[in-house]
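Accompanying notes for the structure given below.
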Number of protein chains: 2
Amino acid sequence: MARRKVANTLALAVLGLLQEKSMHPYEMASTLRERGKDGSFKINTGSLYDTVQSLVRHGWITQVETVRDGRRPERTVYTTTEVGQQEFVSWVDELIRTPATEHPKFMAAVSYLGALGPERAAEALDERAGHLDRQIHEARQMLAETVGSGLLPRLFMIEAEYGLHALEAEHAWTLRTSDEIRSGTLSWPEFEQTDQGWAWSAPAERKDAP
Amino acid sequence: MARRKVANTLALAVLGLLQEKSMHPYEMASTLRERGKDGSFKINTGSLYDTVQSLVRHGWITQVETVRDGRRPERTVYTTTEVGQQEFVSWVDELIRTPATEHPKFMAAVSYLGALGPERAAEALDERAGHLDRQIHEARQMLAETVGSGLLPRLFMIEAEYGLHALEAEHAWTLRTSDEIRSGTLSWPEFEQTDQGWAWSAPAERKDAP
DNA sequence: TATCGTATAGTCGGATCCGACTAATGGAGG
DNA sequence: CCTCCATTAGTCGGATCCGACTATACGATA
């Protein structure tokens with residue numbers, strides 16, 4: 001699979017918006033924020049203007065006009081090209097089809113959970129679970145309001161459903177793991193200082209399985 | 001919460017390794033890969049040397065010596081400072097405690113699932129589910145082998161358990177959503193070209209709930 | 001009517017990231 | 001004993017990203 005010319009997801013958002021109508025960058029940012037898509041895309045004005053430039057360079061979008069409203073600063077308006085439209089669809093297709101290995105910060109931290117010691121680790125996990133719980137409730141309520149009211153077809157909020165599902169899974173794992181630490185199911189190996197740093201002595205593995 | 005001086009997770013990996021013993025960057029990379037931590041950290045030699053430099057600048061690690069083995073290129077060996085050790089623990093603590101909003105590519109793509117149309121969307125989701133299924137089996141087997149053999153305490157593979165759990169959740173959602181599309185539970189609004197781009201006509205919302 | 005805050009629209013320089021490259025060594029195979 | 005390839009160890013320049021900043025306009029308020 002050949003590497004994509006423009007790989008950041010903000011470019012996908014730009015292409016998606018220009019599918020609907022032509023816009024200037026500032027409007028893209030505010031539209032995305034209005035629609036609550038800032039959970040799916042990292043919207044940073046600096047990056048946005050760079051991304052737009054890069055899309056222009058690759059011929060996926062073009063400048064339509066530069067209008068000046070009153071004495072406000074000029075706005076440069078863009079549209080997709082035909083290439084850009086095809087690229088958009090095939091990119092979405094590929095992103096859905098083939099899972100990409102992401103590197104979430106949480107997983108990085110979990111791989112050093114041992115460094116906290118059992119008590120602090122369990123406590124930290126519980127605190128996380130609390131935050132996640134709040135986020136889950138917010139997400140549920142947001143979905144209920146927006147979709148339930150019939151303002152927007154459910155398909156247009158489907159990524160929020162995915163986000164909620166992911167949150168719930170993480171919440172479940174977090175709580176379960178903290179329980180396992182507290183109940184001793186997940187045991188802490190003992191660390192010892194050696195000449196060359198730290199080593200662990202694994203808790204004796206019992207071989208009493210049938 | 002004040003912004004961290006060094007924020008990328010590769011730095012966390014470096015600090016973690018130097019907790020055990022002093023190392024030169026190349027050894028860090030190969031150790032991480034050997035231990036299969038390349039799922040949790042994005043290991044790129046270029047970034048690694050930059051990260052190490054940055055850690056030195058902030059006083060979290062220091063150069064111990066530069067050895068030359070035979071006529072091989074010089075290796076520069078590093079250790080953590082006391083500040084670095086404290087920073088490491090408090091960073092892990094923070095990363096566990098407070099969830100950070102990540103922006104996975106999949107979620108970005110899902111938010112434009114509509115662009116594929118129902119058939120192609122369902123098909124793409126199924127293909128993803130297939131890939132995920134394979135990854136899940138690999139992960140399960142790897143865990144069974146490594147932990148089951150007692151070579152390594154379970155705590156040291158805990159992030160793989162988390163990864164597996166996340167994969168399973170994503171797999172479940174992917175399959176469920178593809179089912180919903182096929183069964184019509186998740187309906188596609190009809191798109192219409194208007195003067196200014198595309199608009200959708202929402203499928204009639206039935207108000208026949210009790 | 002002077003001023004304060006907010007919305008509009010975008011620029012810029014430095015930090016970070018990453019892939020592609022260099023260069024030497026040790027060992028396997030013919 | 002010559003060649004080829006994998007391993008060891010790291011450099012470098014360009015691409016990307018991002019936060020902090022500028023500058024104008026509009027509306028509310030004192």
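Labels below follow one simple rule: chain letters A, B, ... track the order of the sequence lines, proteins then strands, and each chain is numbered from 1. Quick caveat: nothing in here was measured; it's all calculated off a predicted structure.
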Check: Between residues 5-14 of chain B and DNA chain D, which residues have a heavy-atom gap below 4.0 Å?
Finding: none

Note to self: Below 4.0 angstrom, which residues in residues 46-56 of chain A have at least one non-hydrogen atom near DNA chain D?
What the structure shows: A:Gly46, A:Ser47, A:Asp50

So which pairs with a foot in [range] pass salt bridge (charged side-chain N to carboxylate O under 4.0 Å, His left out), sequence neighbours left out?
range	value
residues 80-89 of chain A	A:Arg4-A:Glu87
residues 42-52 of chain A	none
residues 31-40 of chain A	A:Glu20-A:Arg35, A:Lys37-A:Glu159

When the distance from [atom1] of [X] to [atom2] of [N] is rounded to whole Å, what number comes out?
X	N	atom1	atom2	answer
A:Tyr26	D:dA23	OH	C1'	13 Å
B:Asn44	C:dC18	CG	P	6 Å
A:Lys42	D:dG19	NZ	P	6 Å
B:His103	D:dC17	NE2	C1'	13 Å
A:Arg33	C:dA9	CZ	C1'	12 Å
B:Arg75	C:dT25	CZ	P	14 Å
B:His58	C:dA15	NE2	C1'	11 Å
A:Leu32	C:dT8	CG	P	14 Å

Next item on the list: Ignoring backbone atoms, test whether A:Arg57 places a side-chain nitrogen or oxygen under 4.0 Å from the OP1 or OP2 oxygen of D:dT16.
Entry: yes

Next item on the list: May I ask you to evaluate whether A:His24 reaches the phosphate of C:dG10, defined as a side-chain N or O under 4.0 Å from OP1 or OP2?
Entry: yes

Checklist line | Residue pair A:Val52, A:Tyr78: steps toward the side chain to side chain contact (heavy atoms under 4.5 Å, CB included) verdict | finding: CA-CA 9 Å; A:Val52 165; A:Tyr78 299 87; 3.5 Å; yes

Check: Counting only heavy atoms not in A:Gln141, do more than 12 sit closer than 6.0 Å to its CD atom?
Finding: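 No - once you tally the heavy atoms of other residues, nucleotides and ligands closer than 6.0 Å, there are 12 at most.
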
Next item on the list: Scan for ring pair (Phe, Tyr, Trp, His ring centres under 6.0 Å) pairs involving residues 79-102 of chain B, sequence neighbours excluded, and state none if there are none.
Entry: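 Listed once each, the pairs are A:Tyr112-B:Phe88.
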
Check: Hey, mind stepping through A:Thr31 and A:Leu17 against side chain to side chain contact (heavy atoms under 4.5 Å, CB included) and telling me if it holds?
Finding: CA-CA 9 Å; A:Thr31 309; A:Leu17 288 168; 4.0 Å; yes

Notebook entry, point to check: Are any of the side-chain nitrogens in A:Arg176 or A:Glu180 under 4.0 Å away from the carboxylate oxygens of its partner?
Noted result: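 Looking at A:Arg176 and A:Glu180, the cut-off is met.
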
Note to self: Can you classify the ring geometry of A:Tyr26 versus A:His24 as parallel (below 30°), tilted (30 to 60°) or perpendicular (above 60°)?
What the structure shows: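 Rings of A:Tyr26 and A:His24: parallel, as their planes differ by under 30°.
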
